[in-house]
Each structure stands twice: as structure tokens, then as C-alpha cells.
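Here is the structure we will look at.
Because the structure is a prediction, the values reported are computed rather than measured.
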Amino acid sequence: MENKRLLYLLICLSIFVNTAHASQSPWVKRSAGILEARINCVYSASNHETFVLAGTDKAVYRADNSQSSFYPVLQNYGKSQSINQIVSSRRVPTSIYSATEAGVFESTDQGRNWKSIYSPASTLARKALCVLADEQAIYIGTADGLYVRRNNQEQWQKDLSEVGRKIVFHLADDDTYVYAATDDEVYRIQKVDQQISKIYSFANSVSDEEEDIDQEDESVRQSLVKDLIYSKKLYVVAEHDILTSQDHGETWESLPTDGLPVNFVRKLFVDQSQNIYAATEKGIFTYEDGRWQNNVQGLTSQFTNDVTADAKGNVLVATSNGIFAKSKIDDTAVAVVSYEEVLDRFTIEPTIKDVQRMAIEYANVNPRQINSWHNQSRAKALFPTLSVGLSRADTDLYHWDTGANPDVLTRGRDYLDWSTSISWDFGDFVWSSDHTSIDSRSKLMSELRQDILDQVTRLYFERRRIQVELAIEKESEPNSILEKRMRVEELTALLDGLTGGKFSELRGERNSKAIRIKGEGNG
């Protein structure tokens with residue numbers, strides 16, 4: 001009897017847990033069009049606009065909304081490519097700024113076009129980690145300190161205080177102050193008279209190596225201050241604590257951190273309803289009832305770099321494997337489209353296996369090539385090594401001329417010596433000295449082949465996603481349809497480039513065959 005009661009209790013508990021878990025809507029991947037997997041930052045306007053911007057290690061991408069495909073709008077070339085932050089002023093939302101490793105760029109048309117506004121000659125000064133703009137000035141936090149340009153100035157000025165001598169990782173502002181976070185301190189800058197004061201200092205545990213800004217890029221990003229934001233009150237994420245202040249940093253309170261891996265926090269976000277989100281290396285967390293809750297259902301990567309919300313309240317998360325969104329609208333109410341039914345429209349398209357095979361053959365990185373090298377190396381043992389030698393030596397053989405000049409002493413012919421030898425090295429059947437070279441080349445070839453496969457697979461399915469969107473969309477803006485069709489053509493050209501034109505050639509052959517079969521059927 002007791003066993004039956006225990007079993008009944010476990011069943012009820014299981015039903016309760018599953019129901020509670022199901023009530024949390026899962027994250028859905030929304031990064032179609034982005035070629036890079038890692039997303040550093042994501043931006044969406046908090047007003048009625050619904051476009052989304054995403055920054056990667058190579059480019060800024062734009063989407064008309066969180067449901068449509070992304071396309072590149074800003075691409076940096078060379079080593080300085082990473083996009084560190086995309087932000088707009090809370091008071092001047094018409095301008096959007098992108099802080100990159102190559103300086104700062106500005107867009108005034110919702111992220112469609114960008115222009116460089118800050119690109120100094122110094123490598124460290126050009127490494128922009130954050131940017132902030134208000135009605136009076138633009139502030140840029142760099143690996144070389146804080147730079148400011150006021151509205152009545154044309155040149156950028158480096159802050160002459162101690163903030164200008166430290167790496168500035170984060171910037172925030174309210175109506176009166178601008179807040180700047182360095183590696184272990186938070187400063188407050190008065191907007192009117194530029195008076196600077198230190199409002200918080202953490203434990204001085206940063207080593208000299210971490211303070212050396214001439215090191216690699218990753219070391220530049222190491223800081224005890226994980227994030228700094230302002231949303232009705234000031235939030236500072238420290239190494240082991242989250243601090244809040246409602247009096248401009250004069251006094252501080254600690255926010256409960258139960259359940260939150262604070263030392264892995266990468267971004268804090270507070271939406272318009274004052275809901276708090278934390279993007280961490282261990283997943284995305286929300287602050288509810290005095291405790292942090294983790295919700296990773298649907299995420300293919302728990303390493304999250306940024307979190308924000310769009311005008312409709314949809315939460316967007318930037319991860320190391322794309323952008324994920326969680327909608328307030330119940331996804332189950334949306335009509336389900338049969339994937340097989342949609343795929344029937346692409347029967348003439350090459351399959352992913354076809355594309356991968358064509359790309360491998362075009363790049364000449366087929367694994368059979370490596371096996372051929374090893375077979376040829378072993379077969380070499382069957383063929384002998386032939387050596388031929390020839391030497392010429394002078395002789396001392398002289399004789400009297402028996403012809404017309406009998407009294408002349410004539411020298412004889414030179415002595416020629418030649419030899420041949422044939423040898424076999426049957427040890428090549430077991431191990432050849434060529435194997436070391438083959439193994440080295442095969443390793444490089446395998447890495448190149450994997451890079452090519454990753455690239456063509458990403459391009460192929462990105463193209464297919466846009467094709468599916470075009471196939472199932474009934475009503476859409478003409479500009480959106482035009483952009484998607486152009487994106488399909490662009491991805492087609494990239495696939496042709498990786499397959500030597502075989503992609504479009506195979507599409508044409510299958511299309512001609514389908515037309516011929518259809519004509520025969522009608523006849």
C-alpha cells in the first residue's frame with residue numbers, strides 16, 4: 001500500500017515538474033543570414049521600430065525584425081574586425097553607434113548604412129570597447145582610456161584625468177552623470193562641468209600582467225567589473241557581487257545573487273518592466289522573487305554574450321552559436337507548416353551532400369588523395385633505384401706515329417670508366433620516410449577540408465532558410481522580398497565560388513531534366 005502511495009506521489013510530482021517546465025517557452029534560434037557562429041552583441045530599438053542588429057567578429061548584420069533573415073551592413077577588413085558593442089542614446093535614438101576593434105561607426109538610418117566617426121592612428125586608442133552618446137557629447141571607452149567629442153567640437157579629446165590612463169570597459173549615464181568602469185573602479189563624470197570622482201573601488205587583485213595593455217586582445221577584456229548599466233538606478237556587476245545605487249553611487253546595496261554565477265556574467269539587462277536578465281557563460285538567467293532562475297531550454301550554447309529586448313517585448317540573446325529569441329506570444333498558436341511539403345519545391349536543388357562533394361573536389365582536398373599518397377609511397381618499394389656512373393681519366397699511353405710523321409710521339413685516347421647498380425629498399429613496405437611528409441600534409445588538408453565543409457554547409461542552409469521564408473510568406477513588404485531574393489543570389493554566387501560553378505550547373509541540369517519529363521508527361 002505504501003509503495004502504491006509513493007508511486008502515485010512520484011507520478012503527480014513528475015506531472016507538476018513537466019507542466020512547469022513546459023510553461024517556459026523555449027528559446028528559438030533567430031540568426032538566419034549570419035555566417036559566423038559567435039555573436040558578440042545584439043541590439044534592438046526599444047521604441048516602435050522592430051529591426052535587429054547583431055555584431056560578430058567580422059561584421060554587423062541587420063534584420064527587419066526578429067523573425068526575418070539577417071544581412072551584412074558593416075564589414076571591417078584586416079585583423080581589426082570584432083564588433084564589441086552596438087548601442088543608441090536613450091535620448092537621441094536616431095543615431096546608432098558600433099564600437100569595434102577598428103574604431104567607432106555611426107548609422108542614422110536604422111543601421112542600413114554606416115560611416116566611421118572615430119579611427120585614430122594608435123592601435124590601442126582605436127580599440128573601442130564601448131560607446132555612449134547623449135545630447136551634449138559622445139564618449140568612447142578604449143584600450144587607451146576615455147575619449148570625448150562634444151557637439152561644438154570637431155576633434156576627439158582624450159580625458160586628462162586618471163580615467164584617460166586606464167582601459168575603459170563600460171559606460172552608462174543618467175540625466176546628470178556619465179559613469180565609466182575600468183578594471184576595478186567605477187568613476188562618475190558630471191556632464192556640466194566634467195568633474196570626476198571615484199564612486200567605487202573593488203579589491204585590488206588585478207595583476208600587472210592583466211594591466212599590460214600591450215598584450216593580446218583577450219587580456220584587454222579582463223576586468224573585475226563585469227558590466228555597468230543604468231535603468232532607473234545604477235547597476236554594477238562585480239566579480240562576486242551585483243551592486244545597485246539610487247543616489248548616483250553615493251551609497252550601494254547588494255542585489256541577491258543566489259543561483260547566479262556572478263563571476264561568469266557578461267551582460268546585465270533591465271527591460272521596460274524592470275525585469276532583470278543576466279547573460280552568462282553558463283546560460284541566460286532571470287531575476288524572479290529574489291532568486292535567479294536559469295532557462296536554457298532550446299539553447300544550443302549556454303555561452304551567452306549579450307541580452308536585450310525588442311519593441312514587442314521579445315527577449316533576444318547573443319550566444320556563441322547564434323541569436324536566440326523568446327517570444328511573449330505562444331508559438332503553439334502559430335500554424336505549423338509541413339517541412340516535407342516545403343522541400344518538395346526544391347527538388348531540382350542540389351542536396352547538401354552534392355554541394356559538399358563538389359566543394360571538396362574543386363578544392364582538391366578529397367580524403368582519397370591522402371590514401372593515394374600512402375599507396376604510392378608503399379608502391380615505391382617495388383621499383384629499384386638505378387644508379388649509373390661514368391668517369392673519365394687521362395692515361396700516360398704514348399706511341400710513335402706510324403703515319404706521315406713517324407718521328408712524332410702521339411698521346412693515346414683517354415680512359416673511360418662506367419658502372420651501373422640496382423637496389424631495392426623493401427623497408428618502404430612497412431615505413432617510408434615519405435610518411436612523415438604525407439602525415440603533415442594530410443593534417444593541413446584535413447583542416448582545410450573541415451573549414452570548407454563548415455563554410456559550404458552554413459551557406460547552403462542559410463540559403464535554404466531564406467528560400468523557405470520566401471516560399472511560405474503570403475504577405476510581406478516588397479523591399480523585404482527584394483532583399484531576400486538578392487541575398488539568395490548572393491549565397492548562390494558564394495556556393496558557385498566554392499564549387500567552381502558546379503552548384504548552378506547542377507541546378508540547371510536538373511531543371512532541364514524536370515522540364516523535359518514534364519513535357520513528355522503532358523505529351
Side-chain angles (χ1 to χ4, degrees), residues 40-46 55 84-93 95-99 104 128-142 145-150 159 161-164 166-192 194-202 221 223-239 241-255 262 265-272 274-279 287 305-309:
N40 298 329
C41 51
V42 60
Y43 167 86
S44 182
S46 58
N84 297 320
Q85 186 186 42
I86 303 174
V87 66
S88 64
S89 171
R90 291 187 293 113
R91 302 173 185 84
V92 191
S95 293
I96 304 174
Y97 301 91
S98 177
V104 176
L129 304 178
C130 54
V131 59
L132 184 146
D134 59 17
E135 305 97 325
Q136 303 172 359
I138 301 176
Y139 303 82
I140 299 177
T142 76
L146 181 66
Y147 284 78
V148 183
R149 189 185 74 183
R150 306 206 165 273
D159 190 278
S161 67
E162 55 184 316
V163 183
K166 295 185 176 182
I167 307 175
V168 178
F169 293 91
H170 309 285
L171 291 169
D173 75 325
D174 56 27
D175 295 335
T176 309
Y177 300 99
V178 172
Y179 305 94
T182 62
D183 48 12
D184 59 351
E185 296 168 326
V186 179
Y187 294 87
R188 185 180 64 193
I189 307 171
Q190 197 167 34
K191 291 186 176 182
V192 177
Q194 298 300 296
Q195 182 178 354
I196 297 179
S197 59
K198 185 187 300 183
I199 59 176
Y200 204 91
S201 179
F202 298 94
R221 295 186 176 89
S223 171
L224 293 179
V225 182
K226 303 299 181 180
D227 199 10
L228 170 72
I229 65 170
Y230 183 87
S231 178
K232 293 187 177 181
K233 58 183 178 180
L234 188 63
Y235 294 83
V236 175
V237 183
E239 190 175 25
D241 201 2
I242 297 180
L243 303 174
T244 63
S245 176
Q246 297 184 3
D247 54 7
H248 311 293
E250 294 293 338
T251 60
W252 297 90
E253 296 180 357
S254 293
L255 190 72
V262 184
V265 172
R266 300 184 65 85
K267 181 65 178 180
L268 200 69
F269 173 69
V270 182
D271 64 14
Q272 294 181 346
Q274 297 304 298
N275 298 313
I276 305 176
Y277 301 85
Y287 185 66
N305 292 310
D306 198 3
V307 55
T308 189

In Å, rounded to the nearest 0.5 Å, how long is the span from [atom1] of [X] to [atom2] of [Y]?
X	Y	atom1	atom2	value
L132	I189	CG	CD1	9.5 Å
I96	I86	CD1	CD1	8.5 Å
Q190	Q194	CD	CD	9.0 Å
R149	Q136	CZ	CD	14.5 Å

Specify the closest pair of heavy atoms between [X] and [Y], including all atoms of both residues, with the distance to one decimal.
X	Y	answer
S254	L243	OG-CD2, 3.6 Å
L268	D227	N-OD2, 2.7 Å
I196	S161	CD1-OG, 3.0 Å
V168	C130	O-SG, 3.8 Å
N305	A279	C-CB, 4.2 Å
L228	A172	O-CB, 3.9 Å

Report yes if some heavy atom in the side chain of [X] is under 4.5 Å from a heavy atom in the side chain of [Y]; otherwise report no.
X	Y	value
T182	V225	no
Y187	S197	no
V104	I138	no
Y139	L146	yes
D175	Y230	no
Y287	N275	no
I229	K267	yes

_Stepwise salt bridge (charged side-chain N to carboxylate O under 4.0 Å, His left out) test for E250 and R188_ = CA-CA 10 Å; E250 294 293 338; R188 185 180 64 193; 3.0 Å; yes
For [X] and [Y], test the side chains for any donor-to-acceptor distance below 3.5 angstrom and give the result as yes or no.
X	Y	value
D183	S223	no
H248	Y179	yes
D174	T176	no
Y43	S88	yes
D306	T308	no

Please check this pair: side chain of [X] against backbone of [Y], looking for a donor-acceptor N/O pair closer than 3.5 Å.
X	Y	answer
D173	Y177	no
Q85	V131	yes
H170	K226	yes

_Criterion side-chain contact (heavy atoms from CB on, under 4.5 Å) on Y235 and I276, from CA distance to verdict_ = CA-CA 11 Å; Y235 294 83; I276 305 176; 4.0 Å; yes
*side-chain contact (heavy atoms from CB on, under 4.5 Å) between I140 and L129: does it pass, once the steps are laid out?*
CA-CA 8 Å; I140 299 177; L129 304 178; over 6 Å; no
*Should the pair W252 and Y200 be assigned to parallel (<30°), tilted (30 to 60°) or perpendicular (>60°) ring geometry?*
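The rings of W252 and Y200 stand perpendicular, inter-plane angle above 60°.
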*Answer yes when D134 and K191 have at least one side-chain N-carboxylate O distance shorter than 4.0 Å, and no when they do not.*
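K191 and D134: salt-bridged.
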*Going through the checks in order, is the side-chain contact (heavy atoms from CB on, under 4.5 Å) test met by S245 and E253?*
CA-CA 6 Å; S245 176; E253 296 180 357; over 6 Å; no
*Check the pair T142, Y147 against side-chain contact (heavy atoms from CB on, under 4.5 Å), reporting the backbone distance first and the verdict last.*
CA-CA 8 Å; T142 76; Y147 284 78; 3.7 Å; yes
*Within a radius of less than 6.0 Å around CD of Q246, do more than 12 heavy atoms belonging to other residues, nucleotides or ligands occur?*
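Atom CD in Q246 is not crowded, with 12 or fewer foreign heavy atoms closer than 6.0 Å.
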